[in-house]
Number of protein chains: 2
Amino acid sequence: MSLLHALSVSPGSGEPIYRQLMDQIRRLAAGGQLQPGSEMPSVRELAQALAVNPMTVSKVYSLLELEGVLLRRRGLGMQVADQGAATHGQDERLALLRGTLQRAALEAKQLELEPAAVLALLQQLLEEKP
Amino acid sequence: MSLLHALSVSPGSGEPIYRQLMDQIRRLAAGGQLQPGSEMPSVRELAQALAVNPMTVSKVYSLLELEGVLLRRRGLGMQVADQGAATHGQDERLALLRGTLQRAALEAKQLELEPAAVLALLQQLLEEKP
DNA sequence: TATGCTGTATTGGTTGATTAATACACTAGA
DNA sequence: TCTAGTGTATTAATCAACCAATACAGCATA
């Protein structure tokens, strides 16, 4: 899997770019798609791929190092930490998705949508290819 | 229904407050929970209830007036416009939820979660009382 | 008219996010 | 040693979001 393709940002979405990236990297680590010891793209590589400033990516890497998700190795590139990439159990991973699902549920209620229709659409989206 | 209780903001969520409010009001209008001709709370009322600045609420109201969702009436308070509150069909309302569900689906995939588990949790959240 | 509400205009300020540009320290390989 | 990469530090600037404070114009009521 090329991490450069797995990560994306929506600059106009209203959420800061650095947060989007942090969230995504956390999820990939929790889901086991980032293996302990594997190399992260360099700040310059990722910044170029995403068309953002290298210092923005550096900020992401710094904050994730503080969380224990990544290991910083100046001159060598960042690495996925053992702790950070420990694949979590399904319940823990579901808990990471809970916030987004709560938001979806709230929006569905504001829109007065039937649960069955909402669940059908989500199922369709879950089954689509990336 | 008290609109003051139906609206909320999460200031630390990373999404601008004014966008959160606009999104919510749009959804309530599309879902028929805001009736044409009904009164919106004053900018001061809503600002106080949400602990934000009145000019922030005024910005929301101005932008929604540009969209045709609200009608501005200086000195009289804002009103829900006819066009804005036209209850949309289910397909149109589902389309308004699609963005959030796509995000949820993407996050579930990043977390390597089984669709069945995701759908079960969303169903539970949809059935919970507000 | 006065009062109390309504939304708006305006000025000035703060904060967070993002960026450009430059330079430094570190690593690996030739 | 030099080169080419690595992440970091630093300065300065811009922009969006948000705010406080004040005042104005409009509306309704007494």
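Proteins get letters first, then strands, A, B, ... in listed order; numbering begins at 1 in each. Computation of the quantities below employed the complete heavy-atom set of this structure, encompassing side-chain atoms and omitting hydrogens, waters and symmetry-equivalent molecules.
- Between Ala81(B) and Leu71(B) the shortest heavy-atom distance is CB-CG, 4.0 Å.
- Of all heavy-atom pairs spanning Ala29(A) and Leu34(A), the tightest one is CA-CB, 4.0 Å.
- With values rounded to the nearest 0.5 angstrom, Leu122(A) atom CG is found 11.5 Å from Gln123(B) atom CD.
- Put simply, the side chain of Arg26(B) does not reach to within 4.5 Å of the side chain of Gln110(A), judged on heavy atoms.
- Leu46(A) is listed as a side-chain neighbour of Leu7(A), based on a closest heavy-atom distance under 4.5 Å.
- Between Arg73(A) atom CZ and dG5(D) atom P there is a gap of 18 Å when expressed in whole angstrom units.
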Can you give each donor-acceptor pair under 3.5 Å made by side-chain atoms of residues 12-21 of chain A, sequence neighbours left out, with the distance rounded to 0.1 Å?
{"unit_1": "Ser13(A)", "atom_1": "OG", "unit_2": "Ser10(A)", "atom_2": "O", "d": "3.0"}
{"unit_1": "Ser13(A)", "atom_1": "OG", "unit_2": "Glu15(A)", "atom_2": "N", "d": "3.3"}
{"unit_1": "Ser13(A)", "atom_1": "OG", "unit_2": "Gln20(A)", "atom_2": "NE2", "d": "3.3"}
{"unit_1": "Arg19(A)", "atom_1": "NH1", "unit_2": "Gly12(B)", "atom_2": "O", "d": "2.9"}
{"unit_1": "Arg19(A)", "atom_1": "NH1", "unit_2": "Ser13(B)", "atom_2": "O", "d": "3.3"}
{"unit_1": "Arg19(A)", "atom_1": "NH2", "unit_2": "Gly12(B)", "atom_2": "O", "d": "3.3"}
{"unit_1": "Gln20(A)", "atom_1": "OE1", "unit_2": "Ser10(A)", "atom_2": "N", "d": "2.8"}
{"unit_1": "Gln20(A)", "atom_1": "NE2", "unit_2": "Ser10(A)", "atom_2": "O", "d": "3.1"}
{"unit_1": "Gln20(A)", "atom_1": "NE2", "unit_2": "Glu15(A)", "atom_2": "O", "d": "2.7"}

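- Of all nucleotides in DNA chain C, those with any atom nearer than 4.0 Å to a heavy atom of chain A start and finish, going 5' to 3', at dA17(C) to dA28(C).
- Closest heavy-atom contact between Gln35(A) and Val80(A): O-CB, 3.4 Å.
- Considering only the side chain of Ser42(A), dG7(D) comes nearest among dT8(D), dG7(D), dA20(D).
- The side chain to side chain contact (heavy atoms under 4.5 Å, CB included) check on Leu96(B) picks up Leu111(A), Ala30(B), with sequence neighbours excluded.
- Glu39(B) meets the salt bridge (charged side-chain N to carboxylate O under 4.0 Å, His left out) test with Arg73(B); sequence neighbours excluded.
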The contact string for nucleotides 23-30 of chain D, one letter per nucleotide 5' to 3', using protein heavy atoms under 4.0 Å with B, S and - for base, sugar-phosphate only and none, comes out as BBBBSS--
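- Atom CE in Met55(A) sits about 15 Å away from atom P in dT6(D), given to the nearest Å.
- Taking only side-chain nitrogens and oxygens, Ser58(A) comes nearer than 4.0 Å to OP1 or OP2 of dT8(D).
- Put simply, CZ on Arg72(A) is 11 Å from P on dG7(D), counting in whole angstrom units.
- The shortest heavy-atom contact between Ser62(B) and Arg72(B) is OG-NH2, 3.8 Å.
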Identify each atom pair where a protein N or O and an N or O of nucleotides 13-17 of chain D are less than 3.5 Å apart, giving names and distance.
{"unit_1": "dA17(D)", "atom_1": "OP1", "unit_2": "Tyr18(B)", "atom_2": "OH", "d": "2.8"}

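- Looking at heavy atoms from C-beta onward, Pro41(B) lies out of side-chain contact with Met78(B) at the 4.5 angstrom threshold.
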